[in-house]
Enquirer: 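Please find one structure pasted underneath; my questions will follow.
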Amino acid sequence: MGEPRPVPVPESASVYETALGASTRETITLLGRDLAGEVMGEVGFGELAFWLATQRRPTPGETRLFEAVLAALADHGFTPTAIAARLTWLSAPDSVQGALAAGLLGGGSRFLGVTEDCGRFLHEALSAPGRDIPTTDEGWDALAVDTVQRAKAAGRRVPGLGHHVHKERDPRTPRLFQIAAEEGVRGPHLDLLAAVGRVHTEVLGRRLPLNGAGVCGAALADLGLPLELLRGFALLARTAGLIGQLAEELRTPVANEIFLSVDLHNRPVPPVPSATRWTSGGR
């Protein structure tokens, strides 16, 4: 049999441009580079993830901070996301993708989502109309006081403050600031969050630690990553952690015990109707 004839493309066909992956009969390219010769074995996965999102290759310092963020967010033990993944796999052991998806779907405002929430919160404060970026610690502290006061007046939480376990200090926080400073990639989002850590007590009346997830969001924003994707990077990191959770579930299963603990300790109670009922037309 002869070579298959190429399928003609109508002149009126749409063109869908991409700078990401593309293939021909002989080659595969990614980001304009030969995948086999220039990427595989040459570019680390963290560096590649950054490159894919920004379409520019990060510097070594940017890569180090970015990968530190991924490590900081990979796994936090038996969180709801980990438990959801393990229980889903217990129910559907033939569906590892379902177990991973179940864990990732739990990434929200209480777990993982703080990374994006904090990055957006800081960016909003820094990009307010007429805002000048401070150049001194005093200027940063004044901006932080104003930012926290505005959040308090609006009844908003200040993302990046507080942790349910680390009441005094989140050990990830100083390390991320250290790496950013060492690599010369500390920017205004981290500067503002550091100032929030210094001054929030005088506004809120209590001291809370800067949590690692919030610092991760500030670091990602300083690296120039799209704010709309910050939660995606947290989920990328957590995917590795969830694979670890499922691997551990293979070796030392606990999901069935968790299920039985709930199943055997529930107790029936009378139904409690909700307090309000929606009506239409004023009836």
Side-chain angles (χ1 to χ4, degrees), residues 49-50 53-56 58-59 61-70 72-73 107-109 112-163 170 172-204 207-237:
F50 187 109
T54 62
Q55 297 196 10
R56 68 173 181 86
T59 66
E62 289 173 325
T63 299
R64 184 181 178 216
L65 180 59
F66 180 68
E67 292 186 346
V69 167
L70 296 182
L73 297 172
S109 59
L112 293 177
V114 174
T115 296
E116 179 178 314
D117 294 344
C118 189
R120 285 179 175 272
F121 175 80
L122 297 169
H123 190 77
E124 179 183 308
L126 290 166
S127 59
R131 177 79 72 205
D132 293 324
I133 301 299
T135 57
T136 64
D137 285 347
E138 293 76 13
W140 282 114
D141 287 353
L143 174 56
V145 167
D146 179 70
T147 300
V148 177
Q149 285 177 336
R150 289 175 181 273
K152 182 180 179 181
R156 296 175 60 188
R157 255 185 340 108
V158 178
L161 282 180
H163 195 281
D170 186 324
R172 298 169 296 173
T173 293
R175 181 61 173 153
L176 288 165
F177 276 106
Q178 177 189 358
I179 292 171
E182 288 175 351
E183 299 299 338
V185 290
R186 175 167 167 167
H189 298 86
L190 281 170
D191 284 340
L192 178 54
L193 186 58
V196 168
R198 293 192 297 266
V199 307
H200 71 273
T201 304
E202 62 186 81
V203 180
L204 302 180
R207 182 188 174 280
L208 297 166
L210 291 177
N211 61 58
V215 180
C216 285
L220 293 174
D222 275 348
L223 288 171
L225 293 160
L227 296 175
E228 297 84 357
L229 298 181
L230 297 191
R231 188 173 301 187
F233 297 114
L235 295 173
L236 172 66

Enquirer: Taking all heavy atoms of Leu193 and all of Ala218, pick out the closest pair and write down the distance.
Expert: CD2-CB, 4.0 Å

Enquirer: Minimum heavy-atom separation for Ile179 to Ala68, with atom names?
Expert: CD1-CB, 3.7 Å

Enquirer: With a 3.5 Å distance limit and no angle check, can you tell me whether Arg186 reaches the backbone of Phe177 through a side-chain donor-acceptor pair?
Expert: no

Enquirer: Please report the interatomic distance CZ(Arg157) to CG(Asp117), rounded to the nearest 0.5 Å.
Expert: 6.5 Å

Enquirer: Check ring-ring contact (aromatic ring centres under 6.0 Å, His included) between His200 and all other residues, then give those that pass, not counting sequence neighbours.
Expert: none

Enquirer: With side chains defined as the heavy atoms from C-beta onward, is the minimum distance between Phe121 and Thr147 less than 4.5 Å?
Expert: yes

Enquirer: For the CG atom of Leu70 and the OG1 atom of Thr63, what is their distance to the nearest 0.5 Å?
Expert: 10.5 Å

Enquirer: Can you spot which of Val69, Thr59, Leu65 makes a side chain to side chain contact (heavy atoms under 4.5 Å, CB included) with Leu223?
Expert: Leu65

Enquirer: Going through the checks in order, is the side-chain contact (heavy atoms from CB on, under 4.5 Å) test met by Leu161 and Leu204?
Expert: CA-CA 11 Å; Leu161 282 180; Leu204 302 180; 3.9 Å; yes

Enquirer: Using atom types as modelled and distance alone, determine if a side-chain donor or acceptor of Thr115 lies under 3.5 Å from a backbone N or O of Arg231.
Expert: no

Enquirer: With side-chain contact (heavy atoms from CB on, under 4.5 Å) as the test, would you mind laying out the steps for Leu143 and Leu126 before giving the verdict?
Expert: CA-CA 9 Å; Leu143 174 56; Leu126 290 166; 4.1 Å; yes

Enquirer: Roughly how far, to the nearest 0.5 Å, is the CZ atom of Arg56 from the OG1 atom of Thr54?
Expert: 5.0 Å

Enquirer: Is the backbone of Leu210 close enough, under 3.5 Å, to the side chain of Thr173 for a donor and an acceptor to pair up by distance?
Expert: yes

Enquirer: Can you name the closest pair of heavy atoms from Gly212 and Leu176 and give their distance?
Expert: O-CD1, 4.1 Å

Enquirer: Hey, are the side chains of Trp140 and Ile133 touching, using non-hydrogen atoms and a 4.5 Å cut-off?
Expert: yes

Enquirer: Run the side chain to side chain donor-acceptor pair (under 3.5 Å) test against Gln149 and tell me which residues pass, sequence neighbours left out.
Expert: none

Enquirer: Do the side chains of Glu124 and Arg150 get close enough for a salt bridge, i.e. N-O under 4.0 angstrom?
Expert: no

Enquirer: Looking at every heavy atom in both Cys118 and Pro159, which two are closest together, and how far apart are they?
Expert: SG-O, 3.5 Å

Enquirer: For the residue pair Lys152 and Val203, what are the closest heavy atoms and their distance?
Expert: NZ-O, 3.0 Å

Enquirer: Do the ring planes of Phe50 and Phe66 sit parallel (below 30°), tilted (30 to 60°) or perpendicular (above 60°)?
Expert: perpendicular

Enquirer: Sequence neighbours excluded, which residues qualify as salt bridge (Lys or Arg N to Asp or Glu O under 4.0 Å) partners of Asp222?
Expert: none

Enquirer: Assess whether side-chain contact (heavy atoms from CB on, under 4.5 Å) is satisfied between Arg120 and Leu230, documenting all intermediate values.
Expert: CA-CA 9 Å; Arg120 285 179 175 272; Leu230 297 191; 5.7 Å; no

Enquirer: Yes or no on side-chain contact (heavy atoms from CB on, under 4.5 Å) for Arg131 and Asp146, after CA distance, side-chain angles and deciding distance?
Expert: CA-CA 12 Å; Arg131 177 79 72 205; Asp146 179 70; 3.7 Å; yes

Enquirer: Indicate the atoms forming the closest heavy-atom contact of Leu227 with Ala221, along with that distance.
Expert: CD2-CB, 4.1 Å

Enquirer: Rounded to the nearest 0.5 Å, what's the gap from CD on Glu116 to CG on Leu229? Could you check?
Expert: 8.5 Å

